[in-house]
**Q** 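Before I ask anything, let me first share the structure, which is written out below as structure tokens.
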Amino acid sequence: MHFGLSEEQELLQETFRGFAQAEFPPQRLREVFDAGEGHDPGLWKGLAEMGLTGLVVPEAHGGAGLEILELALCCEVAGATGIPGALLEHSLACLAIDACGDPSQRERWLPGLATGDVIGTLALAEPDAECETADPWDPDGWQTRTSNGTVSGFKQYVPHLDHAGLVVVGLADGGLAVVEPSESDAASVRVEPQDGIDRTRPISKLRLQGAAAQPLPNATAESTRRILDAGLVGLAADAFGAATRLIQLSADYAKDRKQFGQPIAQFQAVKHQIARMGTEIEPTRALLWYAAHALDRGLEDAGRHAAMTKAHVTAKSVEVARDAVELHGGLGFTWECDVQLWFKRAMFDRSFLGTPEVHRERIATLAGW
Amino acid sequence: MHFGLSEEQELLQETFRGFAQAEFPPQRLREVFDAGEGHDPGLWKGLAEMGLTGLVVPEAHGGAGLEILELALCCEVAGATGIPGALLEHSLACLAIDACGDPSQRERWLPGLATGDVIGTLALAEPDAECETADPWDPDGWQTRTSNGTVSGFKQYVPHLDHAGLVVVGLADGGLAVVEPSESDAASVRVEPQDGIDRTRPISKLRLQGAAAQPLPNATAESTRRILDAGLVGLAADAFGAATRLIQLSADYAKDRKQFGQPIAQFQAVKHQIARMGTEIEPTRALLWYAAHALDRGLEDAGRHAAMTKAHVTAKSVEVARDAVELHGGLGFTWECDVQLWFKRAMFDRSFLGTPEVHRERIATLAGW
Amino acid sequence: MDLQYNQEEEQFRAEVRAFLAGWPLRGEEASLPIAEQETLFRSQAIERGYVYRDIPREYGGGGQEPDVLKDHIVRAEFGRAGAPGSSFLQGPAMLAPTLMEFGSEAQRRRFVPPTLREEIRWCQGYSEPGSGSDLASLQCSAALEGDDESGEWVINGQKIWTSNAQNSHWLFGLFRTETDAPKHKGISYLLVPLDQPGVEVRPLKQMTGGLDFNEVFFDDARTGADCIVGERGQGWQVSRATLKHERNLIANPNLMRDHFDAVVDLARTTLRNGRPAILDPGIRQRLSEIECYVRTNETSNLRQLSAAARGEELKCMLPMMMNKLYSTDTMQRLMEIAYELVGADGLLAPSEADLAGYAKGEGPTGWVEQWMFSLGPAIAGGATNIQLNIIGERGYGLPRDQRPTR
Amino acid sequence: MDLQYNQEEEQFRAEVRAFLAGWPLRGEEASLPIAEQETLFRSQAIERGYVYRDIPREYGGGGQEPDVLKDHIVRAEFGRAGAPGSSFLQGPAMLAPTLMEFGSEAQRRRFVPPTLREEIRWCQGYSEPGSGSDLASLQCSAALEGDDESGEWVINGQKIWTSNAQNSHWLFGLFRTETDAPKHKGISYLLVPLDQPGVEVRPLKQMTGGLDFNEVFFDDARTGADCIVGERGQGWQVSRATLKHERNLIANPNLMRDHFDAVVDLARTTLRNGRPAILDPGIRQRLSEIECYVRTNETSNLRQLSAAARGEELKCMLPMMMNKLYSTDTMQRLMEIAYELVGADGLLAPSEADLAGYAKGEGPTGWVEQWMFSLGPAIAGGATNIQLNIIGERGYGLPRDQRPTR
């Protein structure tokens, strides 16, 4: 029995963290954030060189053959360092093709995804779903349909669409299909940018009208649910990283900022607020590890744990983010202050793939309550 | 326009407070609490001499002819000083007979109630109501019925029954009847003491089997609702008084108790907790006044305001009570510490006549939500 | 308790309503630019004594006896009619009362009338980057060159969080003039023209994307020796009077009620578990609890108003101290629900329209903006921890913080 | 991550289970009084090395190599079987490990074996009426009469919050022995027999009505000069080791899970708005959130256990510091729901049965008792504010409080 990381897993985090800190200091992050592009070619190339673009791709297809736990560990580092890019969405696309594609599809797409030459993403949520669900990521509400090698439907909140060469699209029965946008099919694949809250992770609407598409033959409602669950754990890990960074920023600021002749950290109200922020977040590291591990091993409660982890860690991270703003005083409320970068990262993690409220109801349902 | 108390109303509070503090110091309170009697003949006599037993009885029947606002002001003092006794229940019985009795009934009962020679109370809540309401004080759930001058039914949470000479009983249609328990009808009026949380306000079950009873002819579901609403405001006022006392006890203790070489009030965490306790409670004084005034003037939103006041003030008072225990450290958790006297008073006020949750749902329904 | 207005007050209300029948303007006047229409109507309202009521006529005000209830009636009726009454701008709302209390006769005559006419627009220069909750540690300096009459103050340093500085002509604020005095006693209250080479205003973008605040840099900026309000070293006391006005603005109960009603509407039109969220028992519990806070805030404000009208403020010092904390906490609770109800649209950034002025959230991104912005008041005008200190120390007589220097 | 136990561990678990098939006792032994049955079975379990594993055989323990995972397996299996394993009494759980770490050879031989056999029962004397969170300010004094070998400590003063003192033979605790030393350095750790004229134990009734605690008064009470654990003035360090064991007891995740499941059952059987409360969306949201806390607590404990088994505690110092606060906060949230669900029965006082031992709430009054009692842990074993100081200072490197004396 070992509830903890292997040396390789710790090394993976250290290596990635070292790279991100060295290659992508806060100043570069700020530039990407202000530009609103959400993609940095040099950074992506670096991730590819470290093998992170192929993290969950089997070794047979040129990837590292690692699992959702390693993906979550990398998401934590991405959240903590605040780096932009499609790491999570890209990896979920890899997982989808690996799990649901036929051998020729895997052979066709996975190597390019593994090297990072092709960026993958997912188009799942639909606006104005006819069914009365409040969760646009619930496959039961999807209306997108395939016909004769084409797909038609209307998606929103699609991340990183501008740079993606491969889009995994969710279908009405919970199945999946792959669309490879190209300039030639501008009429059948229409992209409408949305003004997203996290400028390092831009989102778009995607209108598909008879776009060329290849269904993934092994995709079912259950397999799609598993991809979504991996996404939930990845988002929670990202939010965990963001929250730890916000706590550290707050502690550093409180030690540095002086009022009434002493660091504000000396005031019990400030010290206790930071301690409470930490206490809401730090213990959830184990919840995250367990949730990822449960998905990797296909444990019976894996889906419910994914929902618990997403609901809890992202909700608490947004609470921590608000506390961090308040602790930074007026400065925390400004665009210039770095707090907003992680604040908005936490906001994205909270809302993407379903809010905490949606997943708490799911937790209750899955428990048979 | 004057949103505030008259000089007479302020004087009423001051006089009552002065009496209660002088005649009923904490040590006497402790004796009554430990005995679990909930009635002190000397105290009751003093209340009668000040005219408080006849506070809401019309002057024509020997009372002071005052209103629910004055009743609420007295309940606040009772809550703050912690005195035992049936002041609120007795006054509600007076209100019920005055509002719903015929002239001969008023003439028969009100003078004795006004002088305090007879103590009145109410038997409303029923156990195991067949309808699926969670609120035993909701008249829709009552099953008690009258027949040929007798009443049969099963009531619980009846306060001060041991000393009451007159009981106003709630009926199945929301009507009311009066029972005057005497030793001769022990078979038809059976009292089973319950072990109540607030030992200054003992409660009992009451089993009526063909007990002699006089229906109050003008009692309707609406008039009974108004008696209940007056009770809600009285309980909220009592809880407000209890909370202010708990805050004062906490502030005094924090100034007095030394740890680490200084009064614990010097620690920001303690100081801020007391400030937050105060901030939850003090502003609600105006909510209380408004709710009582709205009942007195029959304003359209009076019922909803009574529910708001009861739900909010009693819930916040229990929160304050828990904070007060914590601020007193281990001492606060002991039977010896006076904090428990007001803690349990707040618990009673919170649960009697319906919990905050019940009344919050009612607030929503009355708003048409 | 008597919530009826008496005959004189009802008579007054009827007069105000009759006057307000003239808004919006009609005929030719209705074709003027809206700002001119407002100026025109407001000047008529001043003439009638409804607006800037307490300020004497010779200074451009309404010239009426102080009367809190009549003020309240005017505010309520102007609000109902959407008519331009007393401005919430910092000049009329904060500086003018301060000058009436502490200014010299010359200052009142020079500044108050054009301030009320909004011909001089003002911003407030209190906070500095290093001086937030510990405002008295401010370092922005003013040195007197020449004598008290014909000399000039030479100003160096920086202010921050100055709302509307980009649209203002002058700044009122606090500057360190007595370098050797203890920190609270070395501060003076000065009036400084912004249109001069030594002053630079830079907008400060908020994390919501809005541009409500500025930084103001002083580099040998100058103002007249006669532009000091009160004596040298008395700026701290003068500013406390101004801050009092700001706190009252923050605790405006009508604004909170409007927001509450809007969130209830949002809950009616948003689905949760397949039904309107307003039918969700959990949402109902929370909205009911929040309305109790809202209603407490309303009734407590009415109580304080009534006490003020009778000169009995001492009877409600405790709830007065608590107004700001109470209302900011309540707004945050309310906005948490709004942000939840917005659901997946919480992924969207506030739009330009959401960021314009103090608009209520309309559409999901408006609510996201409101939710983020609801943090602001907890920070501005004295942070929560400062409020808690005040309540603990002045309200409950608890000891002051241990500090290394005093 | 590998949540499978390895072959050796599974083998060990199988052995433990086979042994546990012998509980409950059968045949003649089953007719013994239950306390004797427990003693009998426990002595067999010690013999097998399952109980008090780390303590060598010559001191009455199991005589095994330290192995956190095997400890965990034993605890889990004994818990499942309801069999008497390592006791949570303060003697075996706290004093025995302390004596093994700091005691003299003579003390170990004299006290540890009868303590593990529960022939000597112990209570803990740390807190005093004037020394709660500032424990090091304690005043209860011990003065040595005679020499280090044959002399006696003479003890005067008062202890408070001593659980089980009325059922105990001895007290271990902290006493001021060096009157001139700085406050932390003047304290010694002494063992004191309670059955003597100079000691009076008075039960201390809790507000719930329970009698879990006592006051202990010392009036020229005496204990042998050899009953000091560690050196004179080292009591503070010795006691820190004992407190560590206490904190671990408080954060027991299994207890929290049991309580959570019981509240879910309560929600199934309680009506709210005419339906089982478990179907109320607001209750579902809150229970789901609380289960996330419960599950976090469970997984975080498992992580810490696993790290301890590998000697890697340094990797999880932060969550270790947070255990107590996390679990007490979670229990309070959980009990708030229980108290709500009990509804009108919140008017009823806890019964005798509710107050007996650590019984889970059964019936409404049990929940009222649990709800009140859930305040206790937030106060005991280091109050919440102390925990927050520790996390802020040691966890995040924030400065210590300003204090007038140090």
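Throughout, a chain's letter reflects where its sequence line sits, starting with A, and its residues are numbered from 1. Computed over heavy atoms, backbone and side chain alike; hydrogens, waters and symmetry mates excluded.
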**Q** Output, in order, the C-alpha distance, side-chain angles, deciding distance and verdict of salt bridge (charged side-chain N to carboxylate O under 4.0 Å, His left out) for D71(C) and R53(C).
**A** CA-CA 8 Å; D71(C) 283 350; R53(C) 291 185 71 257; 3.1 Å; yes

**Q** Quick one: what part of L318(C) sits under 4.5 Å from any heavy atom of chain B, side chain, backbone, both or neither?
**A** side chain

**Q** Does any backbone or side-chain atom of I281(B) lie under 4.5 Å from a heavy atom of chain C? Answer side chain, backbone, both or neither.
**A** neither

**Q** Using a 6.0 Å cut-off, check whether atom CZ of R268(C) has over 12 heavy atoms from anything other than its own residue.
**A** yes

**Q** For chain B, which of R284(C), E9(C), M321(C), H72(C) has the most heavy-atom pairs under 4.5 Å?
**A** R284(C)

**Q** Check whether H359(B) gets within reach of chain C through its side chain, its backbone, both or neither, counting any heavy atom under 4.5 Å.
**A** neither

**Q** Where on E289(C) is there a heavy atom nearer than 4.5 Å to chain B: the side chain, the backbone, both, or neither?
**A** both

**Q** Please flag which part of K271(B) lies under 4.5 Å from any non-hydrogen atom of chain C: side chain, backbone, both or neither.
**A** both

**Q** How are the rings of H328(B) and Y253(B) set relative to one another: parallel (under 30°), tilted (30 to 60°) or perpendicular (over 60°)?
**A** parallel

**Q** Any salt bridge between K70(C) and E65(C), counting N to O under 4.0 Å?
**A** no

**Q** Do you know which of C292(C), G397(C), P281(C) has the most heavy-atom pairs under 4.5 Å to chain B?
**A** C292(C)

**Q** Is E8(C) salt-bridged to R13(C), cutoff N-O under 4.0 Å?
**A** no

**Q** So which of T296(C), I283(C), L279(C) has the biggest tally of heavy-atom pairs under 4.5 Å with chain B?
**A** T296(C)

**Q** Under a 4.0 Å N-O cut-off, is there an ion pair linking E319(B) with K316(B)?
**A** yes

**Q** Go through the atoms of H272(B) and report whether side chain, backbone, both or neither lie under 4.5 Å from a heavy atom of chain C.
**A** both

**Q** Contact part of E67(B) toward chain C, heavy-atom cut-off under 4.5 Å: side chain, backbone, both or neither?
**A** neither

**Q** Can you tell if the side chain of L235(B) reaches within under 4.5 Å of the side chain of C75(B), non-hydrogen atoms only?
**A** no

**Q** Which label fits Y293(C) and H312(B): parallel for a plane angle under 30°, tilted from 30 to 60°, or perpendicular past 60°?
**A** perpendicular

**Q** What option among R276(B), Q248(B), Q273(B) has the most heavy-atom pairs under 4.5 Å with chain C?
**A** R276(B)

**Q** Tell me, for Q9(B) versus chain C, whether the close heavy atoms (under 4.5 Å) come from the side chain, the backbone, both or neither.
**A** side chain

**Q** For E291(C), is it the side chain, the backbone, both, or neither that has a heavy atom closer than 4.5 Å to a heavy atom of chain B?
**A** both

**Q** So which atom in A267(C) and which in L287(C) form the shortest heavy-atom distance, rounded to 0.1 Å?
**A** CB-CD1, 4.2 Å

**Q** I would like to know whether V358(B) and W137(B) meet side-chain contact (heavy atoms from CB on, under 4.5 Å); could you show each step before the answer?
**A** CA-CA 10 Å; V358(B) 163; W137(B) 286 276; over 6 Å; no

**Q** Pick one of side chain, backbone, both or neither for R286(C), based on which atoms fall under 4.5 Å of a heavy atom in chain B.
**A** neither

**Q** Using non-hydrogen atoms only, which part of T309(B) is less than 4.5 Å away from chain C: side chain, backbone, both, or neither?
**A** neither

